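Right, one structure below, let's go through it.
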Amino acid sequence: MTSYKVRFSKKVVPLIFFIFFCVIESFGQYDRNIDSSQTTWQLFKYDIGNVFGSIGHSYTRPFHWKGKQWGTFGAVTAGTGLLYLFDEQISEFSINQKQGVPPFIRNYGTRIGKPQYNYMLTGGVYLSGLLVKNEKLRRTGVLLLASASSAGFLQQVTKSLIGRARPVSDKGKDTFDPFNSDRNFHSFPSGHAILAFTNAYAIGKQFKNPWVKTGIYIVGLVPGISRLWEGQHWFTDVALGVAISIFIVESIDKYLDRKYDQKYNSQDKRVSWNIHFGPGQVGFSARF
């Protein structure tokens with residue numbers, strides 16, 4: 001029988017709790033959103049039902065897409081295809097930068113995208129909202145849990161189905177071996193990028209200030225970028241992981257609008273993501 005040990009870094013755990021308390025603090029202004037009409041158990045059952053309902057909703061959204069949604073999907077697909085042409089050059093450049101990156105940033109990037117750290121944060125946010133019966137905090141916890149679970153399961157299935165070789169395997173970006181159990185063939189997409197940016201994007205919704213949002217997004221991008229430094233993923237693995245995170249969080253957030261009375265920053269529902277192409281470059285922009 002194979003045994004697994006979970007080791008929590010002394011440097012990463014305090015950072016997780018710092019992020020956790022920042023999220024909790026952001027809800028200090030919502031102390032009045034207390035629901036004392038239901039028991040904690042009743043609220044818990046309702047929220048867990050919404051977690052599973054959200055996951056199912058996110059997986060069925062493509063069946064309801066219309067012209068605009070399919071246009072966005074086509075743009076992301078085209079952008080990923082364009083970046084694919086430069087995967088090996090970007091990978092080589094990124095690996096060469098590794099020694100110049102401070103160790104604490106590399107350690108943060110490597111560890112924070114792991115499931116155990118992800119659920120420390122998301123579970124802590126939700127349980128805090130449940131214990132104090134704060135609906136906005138509960139809703140945020142549900143958004144975090146459902147988004148991470150939906151995206152995490154999707155990337156696990158996709159990795160196995162596609163079977164793309166990692167840069168460290170030295171087999172090149174064009175090597176695919178579907179259903180290969182060797183982790184060296186589980187490159188596409190990046191799980192670290194998906195879990196970390198899913199949390200960052202969901203937490204960013206709690207704030208109105210675009211500079212605060214941008215800072216949170218940058219922190220959420222570090223784990224994906226760290227996988228480039230380590231040669232564990234190609235750039236397209238990370239880029240698509242970020243796109244998947246945005247699609248899923250937006251989908252689940254809109255679903256939860258119908259399940260909870262309390263909402264946050266309603267203007268965030270109007271966030272607009274665009275992809276831009278130019279000579280030798282591709283970029284994403286967001287309008288808040």
Side-chain angles (χ1 to χ4, degrees), residues 72-101 105-115 118 148 150-201 217-249 273 275-285:
T72 301
F73 176 79
V76 170
T77 302
T80 303
L82 181 61
L83 292 173
Y84 182 85
L85 301 175
F86 305 98
D87 259 343
E88 291 184 344
Q89 294 91 328
I90 295 175
S91 179
E92 181 179 358
F93 173 81
S94 300
I95 292 173
N96 289 337
Q97 307 310 307
K98 176 179 177 179
Q99 298 306 318
V101 180
I105 294 181
R106 297 206 311 265
N107 291 334
Y108 159 75
T110 299
R111 294 177 182 272
I112 203 66
K114 293 183 177 181
N118 170 79
S150 175
F153 179 75
L154 180 63
Q155 64 90 16
Q156 286 291 341
V157 173
T158 306
K159 277 184 175 182
S160 178
L161 181 64
I162 295 178
R164 189 183 192 188
R166 297 180 187 270
V168 293
S169 69
D170 293 325
K171 295 182 180 297
K173 67 182 180 68
D174 301 318
T175 301
F176 297 86
D177 188 4
F179 303 108
N180 191 322
S181 60
D182 187 339
R183 70 177 306 275
N184 280 333
F185 290 88
H186 290 176
S187 184
F188 189 83
S190 168
H192 277 67
I194 286 179
L195 285 181
F197 197 75
T198 293
N199 284 343
Y201 193 69
Y217 294 162
I218 291 174
V219 172
L221 287 171
V222 171
I225 295 174
S226 74
R227 305 304 277 168
L228 301 179
W229 297 329
E230 302 294 336
Q232 292 294 325
H233 287 288
W234 306 97
F235 187 63
T236 46
D237 303 337
V238 174
L240 186 65
V242 171
I244 289 174
S245 296
I246 295 171
F247 273 118
I248 288 180
V249 173
W273 288 87
I275 186 169
H276 305 283
F277 298 97
Q281 62 180 352
V282 60
F284 292 91
S285 66

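Computed from a predicted model, the values in this text were never measured in an experiment.
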**Message:** Let me confirm one number: the CG-CG distance from N118 to N199, rounded to the nearest 0.5 Å.
**Reply:** 4.5 Å

**Message:** Quick check: do P115 and L195 have side-chain heavy atoms less than 4.5 Å from each other?
**Reply:** yes

**Asked** Going by the angle between their ring planes, with limits at 30° and 60°, are F176 and Y84 parallel, tilted or perpendicular?
**Response** parallel

**Complete:** For S94 and W229, the nearest pair of non-hydrogen atoms, with its separation, is O-CD1, 3.4 Å

**Non-neighbouring partners of F73 that pass ring pair (Phe, Tyr, Trp, His ring centres under 6.0 Å), sequence neighbours left out** = W65, W70

**Contact summary for A165 and W234, nearest pair of heavy atoms** = O-NE1, 2.8 Å

**Prompt:** In Å and rounded to the nearest 0.5 Å, what is the OH to CD1 distance from Y201 to I248?
**Reply:** 12.5 Å

**Prompt:** Are the side chain of S91 and the backbone N or O of E88 linked by a donor-acceptor pair below 3.5 Å?
**Reply:** no

**Asked** Within the side chain of R106, is there an N or O that forms a donor-acceptor pair under 3.5 Å with the backbone of V101?
**Response** yes

**Asked** Does T198 have any side-chain hydrogen bond (donor to acceptor under 3.5 Å, both in side chains) partners at least two apart in sequence or in another chain, and if so, which?
**Response** S245

**Item:** Non-hydrogen side-chain atoms of H233 and R164 separated by less than 4.5 Å
**Value:** no

**Item:** Rounded distance (nearest 0.5 Å) linking atom CD of E92 with atom CG of D87
**Value:** 13.0 Å

**Item:** Min side-chain heavy-atom separation V219-Y108 under 4.5 Å
**Value:** yes

**Asked** When rounded to the nearest 0.5 angstrom, what is the spacing between CZ in F185 and CZ in R166?
**Response** 11.0 Å

**Prompt:** How far does CG of L228 sit from CZ of F93, to the nearest 0.5 angstrom?
**Reply:** 11.0 Å

**Message:** Would you compute the distance between atom OG1 of T158 and atom CG of L154 and round it to the nearest 0.5 angstrom?
**Reply:** 4.0 Å

**Prompt:** When S187 is tested against each of D237, T236, T175 for side-chain hydrogen bond (donor to acceptor under 3.5 Å, both in side chains), which residue passes?
**Reply:** D237

